[in-house]
Amino acid sequence: MEITEFVETLRLDGGLLADAADMAGPDAPVPACPEWRMRDLVRHVGKVHRWAAGFVTEPKEQPGTAPEVPELTDDELVPWLREGHHRLVVALHTAPTDLRTWTFLPAPSPLAFWARRQAHETSVHRADAQQAAGVPLTPLPARFAADGVDELLAGFHAGDRSRLRPETPRTLRLRANDTPGADWTVHLTPDAPPRTVRHATPDAADAAPDWTVEAPAEELYLTLWNRLPWDGLKVTGDPSLPTLWRERGAI
């Protein structure tokens, strides 16, 4: 996907998130994050947006510390969220293509990293806000959702901090059945981070996996981020996969 596509998705989902937060009210519980109320979600997203914008507008070589959330009344929270979201969108839209700044996942460029990461961060939390508000989830483009699955598997879970490690080696095959090329095999072992192999064609996989999961890209994306139940996915093979993922797949 192009950087402009990520920024546009960020722009749209940030607005939808703020709208849902406004509708739900600050005390609404967030189903996917039981310890949070809406005010906690708004504070988190507003803080992350400002943190990310700082790396774009004031490039840094080290991660540093995230900005403190100011003391705000409940009535001030959503406007504060909107302001930080707008600042991030403008920063990404106007940043030079040769931006050099700190990142924490592989990407074609630092600008591509921050646009992609913040688009997915915002889309997942937009789903949180809409679930808390009790409104239907706004559909995501299949290509974007498939990209988010790839970021999760080949980015976050490729790192040493991944806890997705079964007691014995296992392989997991995932397919987004509405998106060409959205097909992955994940090799899981107890003593190393998962290793993800992308498949360009449906028959280009390794030997038969222990688990196979098929679903539209958006359902796969939101389930792997623990925002939808596993019941909606077609899972074949070892029945322990959903439990393993719920317990150890969180980011």
Quiz item: Are the ring centres of Trp36 and His44 closer than 6.0 Å?
Solution: yes

Quiz item: Are the side chains of Pro209 and Leu172 in touch, meaning some heavy atoms are under 4.5 Å apart?
Solution: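 In short, these two side chains do not touch, never coming nearer than 4.5 Å.
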
Hey, is [X] close enough to [Y] for a salt bridge, meaning N to O under 4.0 Å?
| X | Y | value |
| --- | --- | --- |
| Glu218 | Arg227 | no |
| Asp150 | Arg116 | yes |
| Asp210 | Arg173 | no |
| Glu68 | Lys47 | no |
| Arg100 | Glu61 | no |

Practice problem: Assign the ring pair Phe113 / Phe104 to parallel, tilted or perpendicular, where the plane angle (0 to 90°) is split at 30° and 60°. | Solution: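 Because their plane-to-plane angle is over 60°, the rings of Phe113 and Phe104 count as perpendicular.
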
Exercise. Determine the interplanar angle of the Phe55 and Trp102 rings, folded into 0 to 90°, and report it as parallel if under 30°, tilted if 30 to 60°, perpendicular if over 60°.
Key: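 Tilted.
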
Practice problem: Please check if the side chain of Thr179 supplies one atom and the backbone of Ala182 the other of a donor-acceptor pair under 3.5 Å. | Solution: no

Self-check item: Phe156 CZ to Leu105 CG distance, which is reported to the nearest 0.5 Å
Solution: 5.0 Å

Self-check item: Euclidean distance, Leu77 CG relative to Leu72 CG, rounded to 0.5 Å
Solution: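 Atom-to-atom, Leu72:CG and Leu77:CG are 5.5 Å apart.
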
Quiz item: Is Arg43 positioned over the aromatic face of Trp80, cation under 6.0 angstrom from the ring centre and no more than 45 degrees off axis?
Solution: no

Using a 3.5 Å cut-off and no angle test, enumerate the donor-acceptor pairs between side-chain atoms of residues 14-33 and protein atoms at least two apart in sequence or in another chain.
{"residue": "Asp19", "atom": "OD1", "partner": "Arg82", "partner atom": "NH1", "Å": "3.3"}
{"residue": "Asp19", "atom": "OD1", "partner": "Arg82", "partner atom": "NH2", "Å": "2.8"}
{"residue": "Asp27", "atom": "OD1", "partner": "Arg39", "partner atom": "NH1", "Å": "2.8"}
{"residue": "Asp27", "atom": "OD1", "partner": "Arg39", "partner atom": "NH2", "Å": "2.9"}

Would you say the side-chain atoms of [X] and [Y] include a donor-acceptor pair closer than 3.5 Å?
| X | Y | result |
| --- | --- | --- |
| Ser240 | Asp238 | yes |
| His157 | Thr196 | no |
| Thr122 | Asp13 | no |

Quiz item: Between His120 and Asp147, does a side-chain contact (heavy atoms from CB on, under 4.5 Å) hold up when you go through it step by step?
Solution: CA-CA 9 Å; His120 288 301; Asp147 179 83; 2.8 Å; yes

Quiz item: What is the minimum heavy-atom distance between Ala215 and Leu233, and which atoms define it?
Solution: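 Nearest pair, atom of Ala215 first, then Leu233: CB-CD2, 3.3 Å.
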
Could you give the side-chain donor-acceptor pairs of residues 243-251 under 3.5 Å, partners two or more places apart or in another chain?
{"residue": "Trp245", "atom": "NE1", "partner": "Leu224", "partner atom": "O", "Å": "2.8"}
{"residue": "Arg248", "atom": "NH1", "partner": "Arg165", "partner atom": "O", "Å": "2.3"}

Quiz prompt | Common cluster, Leu81/Val7, ILVMFWY with side-chain heavy-atom separation under 4.5 Å | solution = no

